[in-house]
Engineer: 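Got a structure here, written out as structure tokens. Questions coming.
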There are 2 protein chains.
Amino acid sequence: MDRRIRKSQEAIIEAFIQLIAEKNFEQITINEIAERANVSRGTVYSHYTDKYDLLDQCIRTHFVKLIDSCLPCGEQALFPTEAALHYTFRYLDEHASFYAAALANQGVPAFRNRLQAVLIRGFDKQMDMGGINKMMDKGILVQFLAVAMTGMIEQLVTRATPYSATELSGQLWALMERNQMVPPSAPLSISTKLF
Amino acid sequence: MDRRIRKSQEAIIEAFIQLIAEKNFEQITINEIAERANVSRGTVYSHYTDKYDLLDQCIRTHFVKLIDSCLPCGEQALFPTEAALHYTFRYLDEHASFYAAALANQGVPAFRNRLQAVLIRGFDKQMDMGGINKMMDKGILVQFLAVAMTGMIEQLVTRATPYSATELSGQLWALMERNQMVPPSAPLSISTKLF
DNA sequence: CAGATTCTGTACAATACTGAACACATTCCG
DNA sequence: CGGAATGTGTTCAGTATTGTACAGAATCTG
């Protein structure tokens, strides 16, 4: 992609995220965004049809980062290690103002739904239905955990919890393990056990 | 000026200053600068004929800032107040790495000369040759003070002095006063004395 | 030494950005 | 109410930047 496009888009998104952290989405104007991004107004329109499109793509961009932070080991699993979960929560904590806005603004419930969908898909792959889960319905269990995780994330980014990102992720890791939400064992874990 | 020009130049100069703070001027390549500035190599050449031109314009840019910091009250005087001198020294302290490089690199003695020239011109205007200076040669006195100031600035930015910017500027202000290097009295200072 | 690599400076067509203008909608305010 | 101000979305010609290519200089390296 042309370097100019990359630079402009980054500047616009950065400006937009700054603004959304400062004021309500509806009050933000294209003029403000262009000014803050140090870009011509026409440039904004050349990339995004309007504010809502910008917000949408912005969420998408953040989502990529968020998902990446859940999947540090290639494409293997959501939160393959406790450290990975910690990292994700710290990332969310740092960008809380954006995520809070994305979650809070009515008209953007899409965000919560997308996050849940990703988590449900990921958890479904990793759930161990043996042991204490033998008598459970997998769909319900997965949904239960995904909704819980989404809710806790919402608590974190909206500052609705007194607990820190670290405390939360630590506790949540324990709860995931308790429910046998284990990441698929890596190939080398077997050979590791042999020695 | 076209916004693109401003943005590119700022990025290039910023990148260059970063690099000069990290390594020797001669080791810096145009490629590095372009890469760091996130700009095409051709763009660098469209604004600056080569590294040396870039350094030159860079010094010029910094010089404008530096002079501005000496002249906070319009165009009246160099260091019209002790606070102004303090501000200048703090500014120098913050950008020490750049100024150190500009002063240190042989091939750039121009910098020291320019600084001295500015100071000499400014001091010459402000020198009070009455009182203890009655028997002195003005040219020598002015040059003496300008060279001293330049030297002290060099000491500061090259970290060749254990004293802080604040300590130095405080002492230097006293020395300037002692030598009757007073800023031209503002019109209202007379009326101030009347009350 | 020769070959490989990197840097330099220049040229160019393709392209993204610019600022200005425009008609229209919305909001603000006396 | 009415008009002043501000925002929207579009168009457009002009311009700065882009990536690429090139030849020659400089530097590295076996």
Side-chain angles (χ1 to χ4, degrees), chain A residues 1-61 64 98 101-102 105-108 110, chain B residues 1-61 64 98 101-102 105-108 110:
Chain A
M1 198 197 295
D2 194 301
R3 173 183 265 139
R4 286 168 290 186
I5 297 179
R6 252 184 297 128
K7 280 197 287 188
S8 294
Q9 287 191 349
E10 281 168 15
I12 290 166
I13 287 188
E14 171 62 26
F16 179 63
I17 289 176
Q18 272 183 32
L19 285 167
I20 224 177
E22 291 172 19
K23 56 164 75 174
N24 195 283
F25 172 69
E26 290 304 332
Q27 307 175 30
I28 298 172
T29 72
I30 300 284
N31 285 328
E32 262 178 316
I33 296 166
E35 193 184 349
R36 178 90 58 120
N38 197 20
V39 141
S40 181
R41 205 160 58 86
T43 304
V44 178
Y45 281 111
S46 75
H47 293 297
Y48 311 96
T49 62
D50 54 23
K51 263 202 312 191
Y52 305 92
D53 182 39
L54 173 53
L55 174 61
D56 192 63
Q57 298 203 36
C58 214
I59 288 176
R60 212 177 298 278
T61 302
V64 172
F98 171 77
N105 271 304
Q106 73 289 30
V108 202
Chain B
M1 198 196 296
D2 193 301
R3 172 183 267 141
R4 286 168 291 185
I5 297 180
R6 251 184 298 128
K7 280 198 288 188
S8 294
Q9 287 191 348
E10 281 168 14
I12 291 166
I13 288 188
E14 171 63 26
F16 180 63
I17 290 176
Q18 272 182 32
L19 285 167
I20 224 178
E22 291 171 19
K23 56 164 75 175
N24 195 283
F25 172 69
E26 291 304 332
Q27 307 175 28
I28 298 172
T29 71
I30 300 283
N31 284 328
E32 264 179 315
I33 296 166
E35 193 185 349
R36 177 91 58 120
N38 197 19
V39 141
S40 181
R41 204 161 57 87
T43 303
V44 178
Y45 281 112
S46 76
H47 293 297
Y48 312 97
T49 63
D50 53 23
K51 262 203 311 192
Y52 304 92
D53 182 40
L54 173 53
L55 175 62
D56 192 64
Q57 298 202 37
C58 214
I59 288 176
R60 212 178 298 279
T61 301
V64 171
F98 171 77
N105 271 305
Q106 72 290 30
V108 202

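In what follows, every chain begins at residue 1, and chains take the letters A, B, ... in the order their sequences are listed. Worth knowing before you read on, the calculation uses all heavy atoms, side chains too, and leaves out hydrogens, waters and symmetry mates.
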Engineer: Using heavy-atom distances to pick each residue's nearest nucleotide on DNA chain C, tell me which of A/I5 and B/M1 is more 5'.
Structural biologist: A/I5
Engineer: Return yes if some donor-acceptor pair links the side-chain N/O of A/S8 with the main-chain N/O of A/R4 below 3.5 Å, else return no.
Structural biologist: yes
Engineer: Can you tell me how far P of C/dC7 sits from CD of B/Q27, to the nearest Å?
Structural biologist: 13 Å
Engineer: What's the CD1-P distance between A/I33 and C/dC17, to the nearest Å?
Structural biologist: 16 Å
Engineer: Could you state the NZ-P distance from A/K7 to C/dT15, rounded to the nearest angstrom?
Structural biologist: 18 Å
Engineer: Answer with yes or no whether the side chains of A/E14 and A/Q18 bring together a donor and an acceptor at under 3.5 Å.
Structural biologist: yes
Engineer: Considering every strand and a 4.0 Å limit on heavy-atom distances, what is the contact class for A/R4: base, sugar-phosphate, or nothing?
Structural biologist: base
Engineer: Locate the shortest heavy-atom distance separating B/I33 from B/I12; write the atom from each residue and the value.
Structural biologist: CG2-CG2, 3.9 Å
Engineer: Output the rounded distance in Å from OH (B/Y52) to P (C/dC7).
Structural biologist: 15 Å
Engineer: Sub-3.5 Å donor-acceptor pair from the side chain of A/Q57 to the main-chain atoms of A/L54, do we have one?
Structural biologist: no
Engineer: Please confirm whether the ring centroid of B/Y48 lies under 6.0 Å from the ring centroid of B/F16.
Structural biologist: no
Engineer: State which residues pass side-chain contact (heavy atoms from CB on, under 4.5 Å) with A/R41; sequence neighbours excluded, sorted by chain then number.
Structural biologist: A/I30, A/N31, A/A34, A/Y45
Engineer: Would you name the heavy atoms of A/R3 and B/N38 that are closest together and state the gap between them?
Structural biologist: NE-OD1, 3.0 Å
Engineer: Mark yes when over 12 heavy atoms from residues, nucleotides or ligands other than A/E22 sit less than 6.0 Å from its CD; otherwise mark no.
Structural biologist: yes
Engineer: Atom pairs under 3.5 Å, N or O on each side, protein against nucleotides 8-13 of chain C: can you list them with distances?
Structural biologist:
from  : atom 1 : to    : atom 2 : distance (Å)
C/dT8 : OP2    : B/I30 : N      : 3.0
C/dG9 : OP2    : B/Y45 : OH     : 3.2
C/dG9 : N7     : B/R41 : NH1    : 3.2
C/dG9 : O6     : B/R41 : NH2    : 3.0

Engineer: Walking along DNA chain D from 5' to 3', note the first and the last nucleotide with an atom under 4.0 Å from a heavy atom of chain B, and give both.
Structural biologist: D/dG14 to D/dA21
Engineer: Return no unless some side-chain N or O of A/S40 is found under 4.0 Å from OP1 or OP2 of C/dC17.
Structural biologist: no
